[in-house]
Amino acid sequence: MKLIADTHCHTIASTHAYSSLTEVVRAAKAKGLYAVAVTDHGYAMPGAPGKWYFSNLGVVPQYFEGVLVLRGAEANLLDYSARLDLPENELESLDWVVASIHDPLMPKDHEPTVEECTALWLRAAQNPHIRVIGHSGSPKYRYDYERVIPEFGRCGKLVEINENSFSVRKSSIPNCVEIAKLCKKYGVPVVVNSDAHFHTQIGNFPRAEQLLQEIDFPEELVVNASVERFRTYLRQHTHVEVWPRES
Ligand SMILES: [Zn+2]
Ligand SMILES: [Zn+2]
């Protein structure tokens, strides 16, 4: 399997990541990637990008250094109603939105229940701006996978297989395997991504790829394993102008 896009990464705009957007794009180019999605953290994250970062992101060319740049965000889910921390007009203006739970930003008045987390992800599935379901394997925020994962597929969402989880969210890995197996069972498309916080991590997904290999995951469900499949997804689900370039 040859992956042609990295669909989740961070730049210095997130202030706990360490490369510029240009360095990220050049790293993607050096890796031979067709596309990279730059998805800095939404406003609720400590040290998040400034007030006008997302609304001005259109100054970054769609095609830069020969790489398709998806100008995006990793929006934070803020509560069990799946509220996001970016306003509607900014979500609308972006090419690519990953939606993730980050524990410090969720309500702290009680421990989450499976029912609440199931309701959260079912609501998120209905949000037309969300493209990618970000690292959803946290044991604390476990949801009813059997019920929700087919819904992600029906709603055109991509479930991410996040390389960074193997480093920073190790307790999630058994759940990530389970989620990937259910994506296979229900034919739900996935994307493999680095969630890089430094440009040398762009396009590096060895453990995510190994996970898919170990469960004999069908390549045709990996949207970023083919330029044509990725472009088709962009045409169907985003307003990105996909150039008629030969793959
Ligand atoms: Zn995240
Ligand atoms: Zn991230």
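Just follow the structure's listing: the first ligand is 1, and inside any ligand the first atom is 1. Positions are given from 1 along the sequence.
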- Could I get the full list of ring pair (Phe, Tyr, Trp, His ring centres under 6.0 Å) partners for His16, not counting sequence neighbours? His41, His197
- Residues in side-chain hydrogen bond (donor to acceptor under 3.5 Å, both in side chains) with Glu90, at least two apart?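 Testing Glu90 for side-chain hydrogen bond (donor to acceptor under 3.5 Å, both in side chains), a comparison that skips the adjacent residues, returns Tyr43.
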- Query: Of all residues at least two apart in sequence or in a different chain, which pass the side-chain hydrogen bond (donor to acceptor under 3.5 Å, both in side chains) check with Lys185?
  - Reply: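 For Lys185, the residues satisfying side-chain hydrogen bond (donor to acceptor under 3.5 Å, both in side chains) (neighbours in sequence not counted) are Glu146.
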- Passing option when Thr11 is tested against Thr22, Asp40, Thr39 for side chain to side chain donor-acceptor pair (under 3.5 Å): Asp40
- Within the 2.8 Å cut-off the protein N, O or S neighbours of the Zn ion (ligand 1) are Glu74 OE2, His102 NE2, His135 NE2
- Task: Could you check which N/O/S atom of His10 is closest to the Zn ion (ligand 2)?
- Result: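 Checking each N, O and S atom of His10, the shortest distance to the Zn ion (ligand 2) belongs to NE2.
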- Query: Ring centroid separation for His102 and His135, is it under 6.0 angstrom?
  - Reply: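 Here the rings of His135 and His102 have centres that are less than 6.0 Å from each other.
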- Message: Under 6.0 Å between ring centres: does that hold for Tyr145 and Tyr143?
- Response: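 Centroid distance Tyr145-Tyr143: below 6.0 Å, so yes.
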